[in-house]
2 protein chains.
Amino acid sequence: MSETNIFHAKTKLIDIQDGEELIVLINEQNAWEHGISPLDKVVLRYKDQELVLNANLTNKLVKPNEIGLYKDVSQKYKIPGDATVSVHFTQTNGKAIEALKKAINGKKLNYKETYSIMKDIADNRFTDTLITYYSAVGFFKKASDHELYEMAKAMAETGEMLHFDGVVADKHCMGGVPGNETTMIMIPLLASLGIKMPKTFSKAITSPAATGECVNVLMDISFSKKEIENLVKTQNSCLVRGGGLSLAPADEKLIKVAYPLSMQSYSRTVVSIMAKKYAMGINHSLIDIPMGPTAKVPDMKTAKRLKKKYEYVGKKLGMKVHVEITDAMQPIGAGIGATLQVREVLRVLQQHELRPMDLQNKAVFLASKIIELVGMAKGKKAYEMAYQQLKSGKAWKKMQEIIKAQRGKNPNIKSEDLKLAKFKKEVKAEKAGTVKVIDMKLINLTTRALGAPIDDQGGLYLCKKLGDKVKKNDIIYVMYANQESKIDMALENLKGKKMYEIK
Amino acid sequence: MSETNIFHAKTKLIDIQDGEELIVLINEQNAWEHGISPLDKVVLRYKDQELVLNANLTNKLVKPNEIGLYKDVSQKYKIPGDATVSVHFTQTNGKAIEALKKAINGKKLNYKETYSIMKDIADNRFTDTLITYYSAVGFFKKASDHELYEMAKAMAETGEMLHFDGVVADKHCMGGVPGNETTMIMIPLLASLGIKMPKTFSKAITSPAATGECVNVLMDISFSKKEIENLVKTQNSCLVRGGGLSLAPADEKLIKVAYPLSMQSYSRTVVSIMAKKYAMGINHSLIDIPMGPTAKVPDMKTAKRLKKKYEYVGKKLGMKVHVEITDAMQPIGAGIGATLQVREVLRVLQQHELRPMDLQNKAVFLASKIIELVGMAKGKKAYEMAYQQLKSGKAWKKMQEIIKAQRGKNPNIKSEDLKLAKFKKEVKAEKAGTVKVIDMKLINLTTRALGAPIDDQGGLYLCKKLGDKVKKNDIIYVMYANQESKIDMALENLKGKKMYEIK
């Protein structure tokens with residue numbers, strides 16, 4: 001990596017928020033002297049930090065030998081105004097570009113090449129354009145299981161690696177099933193049994209609300225490495241954003257460029273998930289693959305192929321892996337969207353009379369599989385052990401401790417206390433019959449139209465599930481949104497489509 | 001396209017130059033009220049213009065109901081400060097995203113789908129990430145000739161379309177051969193014969209200096225549609241940047257995302273070139289495909305496949321097409337890099353004693369092929385006709401008129417007047433022998449390391465060509481650069497590699 005020192009400068013904080021991009025404002029005179037063009041990448045060194053930023057030029061906003069830092073940058077890296085920094089030339093590792101071109105040309109990469117790409121993505125040396133090409137390779141070229149393992153390893157090893165002593169377990173669901181918030185039930189349940197469950201998650205890509213959005217309704221999810229280690233020590237668990245931790249940092253950047261497509265490559269999903277487990281120090285990993293005609297994984301053939309990949313990659317990374325292919329014909333629980341899902345979770349943990357039994361049963365079943373995986377009990381005994389933690393209130397008690405430890409405002413919150421969105425719209429049956437099909441992809445799209453995942457209060461509450469008898473004018477589901485226009489748009493999008501099939 | 005009116009605002013000019021991205025600064029209060037996040041795209045309407053910009057947020061730099069325009073935007077769209085504009089929500093055409101996903105999934109697109117993608121790219125509704133995915137499709141999926149035709153048609157029809165009466169001809173070289181600046185010789189030569197030659201070009205992608213960079217050494221290359229039409233009317237020709245004209249506007253955006261890879265898909269090259277010819281109103285098109293082991297097109301099989309594609313797409317677009325596969329074993333002319341190439345061009349046009357005969361011969365040969373294509377003469381007569389325009393000084397006289405018409409400072413410029421780079425380094429033979437091989441890819445890479453195409457003075461001058469006898473310590477080539485460090489880097493890059501093979 002050739003990095004020539006360019007110049008020293010004083011920082012000036014600029015009141016602009018750019019979103020994801022990291023910008024540094026450079027005076028045009030400095031830029032001209034040193035041959036910096038707009039959007040060139042430069043390295044900025046401050047104390048022991050080194051960050052790669054995109055250059056923007058100005059005549060007036062900063063003087064020569066002054067550099068402007070946007071809000072996002074100064075906050076993220078805690079750099080004050082009037083601090084002395086040095087600015088350096090950078091260039092992407094030529095090897096990484098060569099490796100990327102090789103991959104685009106359809107050739108296999110060796111570990112060094114894959115590592116060089118992951119490293120440049122992790123260090124912000126790859127532009128979004130280059131990251132997108134690498135993302136595209138995942139859609140076009142089938143990778144071997146061994147390549148997936150190498151990608152996962154490289155993705156983990158180019159970021160922070162955590163280590164916890166002894167048995168460290170994790171539960172991960174591939175998603176695609178609306179509702180289905182088993183994680184927030186299982187983590188406190190298993191932690192209350194003394195199993196270490198350090199759970200991390202990233203942003204929702206295709207789902208209207210992933211675990212991160214849900215947990216955030218009750219407590220903070222952004223913690224430093226030290227804080228996370230402390231949470232696991234004191235709570236046996238954590239429920240935190242992986243991104244803030246710099247865990248497999250290339251992953252969030254790859255997710256970001258996949259986001260506008262609402263599309264994920266199955267194989268890359270295996271890489272993304274297993275890299276984060278590995279970096280998090282997980283050694284016992286349960287993967288839930290929901291399978292059904294309108295779920296993310298549509299058929300048993302695909303599910304089994306994926307199962308094999310998880311098992312291969314996990315084993316190579318030194319983990320015990322159990323993959324459970326679960327039935328996904330309809331949403332689990334009745335609430336879809338972060339706040340509405342959390343209401344379901346609280347009802348199960350608090351054994352509320354309105355609790356969704358399908359969600360409870362799935363959470364207990366999966367918890368029993370982890371109990372088996374770590375060797376605490378087998379079969380019926382494992383199931384009974386899991387169920388008792390819920391029934392006795394021990395799981396909820398543990399959850400209250402987690403809420404407190406993660407700076408949640410109200411550890412005594414009841415499901416009725418949750419604030420729902422301002423506007424609601426009840427959608428009624430046009431004719432009588434029985435619910436035969438629920439289209440989960442349409443449920444996800446509709447929930448997104450209602451504001452999720454950005455607005456955690458937007459969503460759906462399903463009053464009817466598969467097999468339910470329906471009379472004409474019965475409420476089938478209720479839409480929630482904070483703008484009436486979103487409800488109009490959601491209804492508009494549903495015209496001519498069938499979210500529910502009633503016969 | 002759903003575009004809700006958000007609010008009216010006064011413009012404020014902000015002294016920031018961002019490069020390619022189009023930014024609008026919005027006050028955080030406005031953003032909050034209307035649900036705009038950083039990097040959301042918004043539509044700005046000013047008079048009869050409508051532009052799509054990326055939102056950045058600020059508290060202080062602009063007040064509520066004021067919006068900040070960066071230099072790039074206010075200059076490009078000629079929007080003054082304190083002007084009233086309206087800001088609207090936008091969203092990409094959902095159809096375009098669906099079409100893109102279909103393409104990524106390996107399926108064929110119909111014309112409507114291709115058009116929707118090109119339209120959203122052209123209108124700046126696609127983010128760079130989405131454009132990159134579409135670019136990546138070109139590397140991964142083989143398109144049929146018919147798909148290429150539809151892409152070229154859509155790319156042209158989503159931008160400005162020019163029309164000139166009668167025979168309108170063009171010469172295009174696929175590139176990859178260093179030097180080889182035949183265009184700047186052929187255009188005045190053929191225009192002086194009364195053939196309409198409206199030449200447009202885009203930025204160099206893989207070459208160290210394309211025609212645009214070279215022409216720009218002598219004259220302006222950015223003109224409006226009206227100015228270009230006037231140039232063609234008065235000069236029978238023009239030598240202008242296509243990008244400024246909004247000709248096949250999706251093309252420059254696709255080129256931009258391919259740039260960091262220094263890679264082009266052959267098929268997409270056909271699309272890019274033929275779309276621009278079609279939009280420019282060309283009806284007689286000569287395509288030069290240089291073919292050789294270290295050229296862009298390495299073998300006859302690839303060259304013939306490409307020839308077929310050019311012919312198919314051109315014919316479907318209503319053109320007469322002639323494709324010439326030319327021998328590309330070594331650079332044409334001795335100068336590589338914009339200024340050094342222009343010196344060669346001037347020497348040929350002015351019939352200077354040091355003129356490179358290989359460049360002259362190729363230019364005359366290709367000019368004779370256009371004379372044949374438009375039906376003015378055939379075979380030897382066509383060749384003689386072309387040669388006489390050069391010999392008699394008529395081609396140079398025409399070039400002087402073009403330089404004047406395109407605001408060039410010195411229409412009487414001599415090759416000796418050109419200012420070369422500050423630093424030079426003579427590279428000498430380590431042993432005696434004959435030049436057997438010249439690696440053109442290494443020549444291109446070295447010229448780029450010396451500053452091209454951004455620095456038009458950086459480059460190489462080759463003192464020896466294939467077959468030349470060399471004594472020990474003879475100068476083989478000379479490096480030119482404006483920073484000594486670039487010469488060091490170029491030498492460093494060449495270690496262990498052979499630009500010249502002397503035996």
Side-chain angles (χ1 to χ4, degrees), chain A residues 2 4 14-21 23 25 28 31 35 37-40 54-61 68 70-72 92 94 97 100-101 104-106 126-137 139-141 256-263 265 451 454-455 482-483 485 489, chain B residues 2 4 14-21 23 25 28 31 35 37-40 54-61 68 70-72 92 97 100-101 104-106 126-133 135-137 139-141 256-263 265 451 454-455 482-483 485 489 492-493:
Chain A
S2 81
T4 332
I14 307 282
D15 173 45
I16 296 181
Q17 208 182 328
D18 181 86
E20 302 280 336
E21 221 186 343
I23 300 276
L25 259 185
E28 280 176 22
S37 305
L39 287 193
D40 274 359
N54 301 328
N56 273 205
L57 308 188
T58 180
N59 255 322
K60 292 183 209 147
L61 284 183
Y70 283 16
K71 261 191 189 174
D72 327 57
T92 174
I97 299 251
L100 177 59
K101 287 164 81 165
I104 289 173
N105 283 325
F126 257 30
T127 58
D128 276 4
T129 297
L130 291 173
I131 298 172
T132 306
Y133 279 114
Y134 189 60
S135 163
V137 172
F139 290 115
F140 286 105
K141 200 189 156 291
K256 188 188 134 201
V257 299
Y259 193 86
L261 285 181
S262 281
M263 232 170 114
S265 127
I454 290 159
D455 182 350
N482 278 314
Q483 285 92 32
S485 60
M489 200 185 273
Chain B
S2 82
T4 332
I14 306 283
D15 173 45
I16 296 181
Q17 208 183 327
D18 181 85
E20 303 279 335
E21 221 187 342
I23 300 276
L25 259 185
E28 279 175 23
S37 305
L39 287 193
D40 274 359
N54 301 328
N56 273 203
L57 308 189
T58 180
N59 256 323
K60 292 182 209 148
L61 284 182
Y70 283 16
K71 262 191 189 173
D72 327 57
T92 175
I97 299 250
L100 176 59
K101 287 164 81 166
I104 289 173
N105 283 326
F126 257 31
T127 58
D128 276 4
T129 297
L130 291 173
I131 298 173
T132 306
Y133 279 114
S135 163
V137 172
F139 290 115
F140 286 104
K141 200 189 154 290
K256 188 188 133 201
V257 299
Y259 193 88
L261 285 182
S262 282
M263 231 172 117
S265 126
I454 290 159
D455 182 349
N482 278 314
Q483 285 92 30
S485 60
M489 200 185 274
E492 181 69 29
N493 288 346

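Reminder, nothing fancy here: chain letters follow the sequence lines and each chain counts from 1. Any value given below was found using the heavy atoms of this structure, including those in side chains, with hydrogens, waters and symmetry copies removed.
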Colleague: For a quick check under 3.5 Å, do B:D72 and B:Q17 share a side-chain donor-acceptor pair by atom type?
Modeller: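 B:D72 vs B:Q17: no donor-acceptor pair found between side chains.
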Colleague: With a 4.5 angstrom heavy-atom cut-off, could you sort out which part of B:L100 is near chain A: side chain, backbone, both or neither?
Modeller: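 The answer is the side chain of B:L100.
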Colleague: Go through the atoms of B:L25 and report whether side chain, backbone, both or neither lie under 4.5 Å from a heavy atom of chain A.
Modeller: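 Contact with chain A involves the side chain of B:L25 alone.
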Colleague: Can you tell if the side chain of A:N56 reaches within under 4.5 Å of the side chain of A:I23, non-hydrogen atoms only?
Modeller: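 Of all side-chain heavy-atom pairs linking A:I23 with A:N56, at least one is under 4.5 Å.
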Colleague: Tell me, side chain or backbone of B:I14 under 4.5 Å from chain A's heavy atoms, or both, or neither?
Modeller: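 When you check distances to chain A, only side chain atoms of B:I14 fall under 4.5 Å.
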Colleague: CZ of B:F140 to OH of A:Y133: how many Å apart, nearest 0.5 Å?
Modeller: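 Going from CZ on B:F140 over to OH on A:Y133, the span is 10.0 Å.
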Colleague: Are a donor atom and an acceptor atom from the side chains of B:D15 and A:T58 found within less than 3.5 Å of each other?
Modeller: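 Present: a donor and an acceptor within the cut-off.
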